[in-house]
Amino acid sequence: MNIICFAKQVPDPEVPQSSFKVDETANKVLPVQGVAPVINGFDENAIEAALRLKGEHDDTTITVISLGSDHVLDVMKKPLSMGADDLILLQDPAFEDGDAYSIAYALSLAVQKVGEFDLIICGRQASDTDRGQVGTAVAELLGLPCITIGKSVTVEDGKVIVERALQDGTETAEAPLPALVTVSNELGEPRYPTLRGIMQAGRKSPTVWSAGDIEADPAKLGASGRVVDMVRLFIPVVDKECEFIEGENGADAGRKLALKLREVKLI
Amino acid sequence: MANSGTLIIAELNDGKLAGVSREAVAVGVGLSNELGSEISAAVIGTDTQAAASELVAAGAGKVYTIENADLASYQPDAYVQVILALVKKVQPKLILTGQTDVGRDLAPKVAFKLGASLTLDAVDISVEDGKLRATKPVYGGSAQATFESAADLHMAAIRIKAFEPLAADPGRSGSIESFDVSLDPAATKVKVTDVKKQESEGVRLEDAAVVVSGGRGLGGPEPFEQLEDLAKILGGAVGASRAVCDAGWVPASLQIGLTGKTVTPDLYITIGISGASQHMAGCTGAKNIVSINKDKDCNMFKESRFGVTGAWEEVFPAFLEMCRELRGS
């Protein structure tokens, strides 16, 4: 089986809230000094799903494609260290500031250049934009059936079978291959790179493609090809003052908290 | 004929009209001057009449019912075909769904087939200079972004309870008609073969007036029994942060957050939750947040009305017992 995964490099979402700052005139997040970017968590779940399939099916290769403008190689090699086979970086200023349409356009051209595939797996959304659209957009451009929010992905008899995470339960869906599946954290923790994986990844160089390499029409890429423009980025003001309830010890404070809530008629 | 008005893709939950569908109708009505006053809605499934009447009472001028037993539960490609056919007929300027299990899957599928602009998890929608603006949380809820589009057609999936519904008016006039679509089996590639709904005992998390929520600070699954206890005493429901759901301490259906459930209780009690933006995105609508955490500088206290700094093992059992005493149970 040939599996393609998309992996986006994003700012580390685990930085403390107090470090998160926005330049509201430039509509840009101020990068936090000294904190390395990471691979989007849901895309790591996607690579994990692909690796599980590789474990179940002989002759399976996993090709990871990442679209971005400032890839950090140490970060982007992680999928290879986890066990993926090939890494393709789509790098070009023309790809920047896109929306789902223009990003999906570039990714779908890259997929077509990679060639034959059975399954595309990617995260349900990126932890910076939280857009949640690119996977479906790529499926539409490539004419693929699309199943989203998967927590388990299996393949049998030319079909992909996905258990989907619902808010209250599970839905099972299937589609004929080739297909595109997006996955969610309910799939389970992505495996850690092994020492062997890290060494093998160290010997590999990613393939780098520009807009020209994928024969993209510049008018459909990045900022040029987008249908929505981001006109404002801001941090909503929180104007709350916490009243701390104290006591002689923890238990005393706990009791006083309950009494306070009764006093203000919350319980 | 230029596109005009708003089409709401309504949802049924256990046969009843979803609250978010009423909220979406109100959004369309609120944008009548800018987008057109034709507010129509679609209901797909079985026994759609009651929901259709509710949609009229909520402000929809025209409701299309698509009665089909095969579509009683969500079938992605089939629902897409239905909506595409209806859009061709109705020619709206804006299509709305809720940000629900169905909406977050269906909206992108419909939007990309139509070339429409799309914003998911929208918390604000407006029109400026003839362009649609939609605002959504980004960076895990640490910030919000407003997107503007001059596309011919717009779509948005609105966050549950981010918009107020209109007061239900049974006297409102509106028409209900059935809409027939012949589905092309060749175009239905994805098949949903099974749905297992998790039945929750007691109050639904999304509807609870009181939510007691636990996080990583609790250290493991056992303390959640005490949270259940408190929730029972206060007539509420138990929730959890994503970390404890991922760790398998509690079922995933308890997850509150950006990709989990959105809750809007009068009282949201948190124990051992740091208050990362991804979690706050799911409880920002809570009217009063009360927190117990050992870290006095944690973000949760910045969003709380009352707080106790301390080890939960010392604070919470005494808090629980006093609540039990005060409630006379």
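Every chain is numbered from 1 and lettered A, B, ... according to where its sequence line falls, protein lines coming before strand lines.
- Nearest heavy-atom pair, B/Cys323 versus A/Ile267, reported as atom, atom and distance to 0.1 Å: SG-CD1, 3.8 Å.
- Ranking B/Leu132, B/Thr119, B/Thr259, B/Asp77 against chain A, the residue ahead of the rest is B/Thr259, based on heavy-atom pairs under 4.5 Å.
- Residue A/Arg131 touches chain B through its backbone alone, counting heavy-atom pairs closer than 4.5 Å.
- Counting heavy-atom pairs closer than 4.5 Å to chain B, the top-ranked of the candidates A/Ala175, A/Ala173, A/Ala126 is A/Ala173.
- Among A/Asp239, A/Leu259, A/Val22, A/Ile149, the residue with the largest count of heavy-atom pairs under 4.5 Å with chain B is A/Leu259.
- Taking CG from B/Asn299 and OG from A/Ser18, the interatomic distance works out to 8.0 Å, rounded to the nearest 0.5 Å.
- With a threshold of 4.5 angstrom between heavy atoms, B/Glu313 does not approach chain A through any atom at all.
- Here OG of B/Ser149 is found 11.0 Å from CZ of A/Arg226. Values are rounded to the nearest 0.5 Å.
- Pairing each heavy atom of A/Tyr101 with each of B/Ala111, the nearest pair is OH-O, 3.2 Å.
- Contacts between A/Thr148 and chain B at a heavy-atom distance below 4.5 Å involve backbone atoms as well as side-chain atoms.
- With a threshold of 4.5 angstrom between heavy atoms, A/Leu141 does not approach chain B through any atom at all.
- Of the atoms belonging to B/Tyr139, heavy atoms from both backbone and side chain fall under 4.5 Å from chain A.
- If you measure heavy-atom distances from B/Ile292 to chain A, the contacts under 4.5 Å come from the side chain alone.
- Other residues, nucleotides and ligands place more than 12 heavy atoms under 6.0 Å from the CG atom of A/Asp23.
- Across B/Gly260, B/Pro76, B/Gly310, B/Pro317, the residue that shares the most heavy-atom pairs under 4.5 angstrom with chain A is B/Gly260.
- Atom CZ of B/Arg216 has 12 or fewer neighbouring heavy atoms from other residues, nucleotides or ligands inside a 6.0 Å radius.
- Note: A/Cys146 SG to B/Asp105 CG = 6.5 Å, rounded to the nearest 0.5 Å.
- Side-chain contact between A/Lys260 and B/Phe306 is present, with at least one heavy-atom pair separated by less than 4.5 Å.
- Residues B/Ala151 and A/Val227 share a closest heavy-atom pair of CB-CG1, 3.9 Å.
- A donor-acceptor pair is defined here as one N or O able to donate and one able to accept, closer than 3.5 Å; no such pair exists between the side chain of A/Asp168 and the backbone of B/Ser253.
- With a threshold of 4.5 angstrom between heavy atoms, B/Asn288 approaches chain A through side-chain atoms but not through N, CA, C or O.
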| request: Let me see the working for B/Gln144 and A/Arg232 under side-chain contact (heavy atoms from CB on, under 4.5 Å), right down to the final yes or no. | output: CA-CA 8 Å; B/Gln144 290 189 0; A/Arg232 196 176 163 217; over 6 Å; no
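- Residues A/Leu266 and B/Arg305 are in side-chain contact: their nearest non-hydrogen atoms beyond the backbone lie under 4.5 Å apart.
- When atom types are taken as modelled, the side chain of B/Thr193 and the backbone of A/Thr172 share a donor-acceptor pair closer than 3.5 angstrom.
- Counting heavy-atom pairs closer than 4.5 Å to chain A, the top residue among B/Ala318, B/Gly307, B/Ala209, B/Pro137 is B/Gly307.
- Put simply, the side chain of B/Lys136 gets close to the backbone of A/Asp130: a donor and an acceptor are under 3.5 Å apart.
- Only the side chain of A/Gln125 comes within contact range of chain B, with heavy atoms under 4.5 Å apart.
- When B/Trp312, B/Phe112, B/Phe301 are compared by the number of non-hydrogen pairs under 4.5 Å with chain A, B/Phe112 comes out ahead.
- Between the side chain of A/Arg262 and the backbone N or O of B/Leu326, at least one donor-acceptor pair lies under 3.5 Å.
- Judged by distance alone, the side chain of B/Lys197 and the main-chain N or O of A/Leu166 form no donor-acceptor pair under 3.5 Å.
- A/Glu140 touches chain B through its side chain: at least one heavy atom from C-beta onward sits under 4.5 Å away, while N, CA, C and O do not.
- Heavy-atom pairs under 4.5 Å with chain B peak, among A/Thr129, A/Leu257, A/Ile147, at A/Leu257.
- Neither the backbone nor the side chain of B/Glu321 has a heavy atom closer than 4.5 Å to any heavy atom of chain A.
- Side-chain atoms of A/Gln133 come within 3.5 Å of backbone atoms of B/Leu118 as a donor-acceptor pair (strictly under, hydrogens ignored).
- For chain A, the nearby part of B/Leu258 is the side chain; its heavy atoms alone come within less than 4.5 Å.
- Residue A/Pro16: no heavy atom, backbone or side chain, is found under 4.5 Å from chain B.
- The parts of A/Glu174 that come within reach of chain B are both its backbone and its side chain, each placing non-hydrogen atoms under 4.5 angstrom from that chain.
- Within 6.0 Å of NZ on B/Lys302 lie more than 12 heavy atoms contributed by other residues, nucleotides or ligands.
- The residue among B/Val138, B/Thr100, B/Asp101 with the most heavy atom pairs within less than 4.5 Å of chain A is B/Asp101.
- The contact between A/Pro236 and chain B is made entirely by side chain atoms (from C-beta outward), counting heavy-atom distances below 4.5 Å.
- Using a 4.5 Å cut-off between heavy atoms, B/Glu206 contacts chain A through its side chain alone, with no backbone atom that close.
- Of the listed residues (A/Val238, A/Thr136, A/Asp229), the one with the most heavy-atom contacts under 4.5 Å to chain B is A/Asp229.
- Among A/Val228, A/Asn27, A/Ile235, the residue with the largest count of heavy-atom pairs under 4.5 Å with chain B is A/Val228.
- If you tally non-hydrogen atom pairs under 4.5 Å between each of A/Leu261, A/Leu144, A/Asp99, A/Val162 and chain B, the highest count goes to A/Leu261.
- Both the backbone and the side chain of A/Phe234 have a heavy atom closer than 4.5 Å to some heavy atom of chain B.
- The shortest distance between side-chain heavy atoms of B/Ser277 and A/Gln17 falls below 4.5 Å.
- Of all the listed residues (B/Arg133, B/Gln278, B/Lys191), the one sharing the greatest number of non-hydrogen pairs under 4.5 Å with chain A is B/Lys191.
- Interface residue B/Leu267: only side-chain heavy atoms are found under 4.5 Å from chain A.
- Two residues are said to be in side-chain contact when any heavy atoms from C-beta on lie closer than 4.5 Å; B/Arg104 and A/Arg124 meet this criterion.
- Of the two parts of B/Val290, only the side chain, counted from C-beta on, holds a non-hydrogen atom closer than 4.5 Å to a non-hydrogen atom of chain A.
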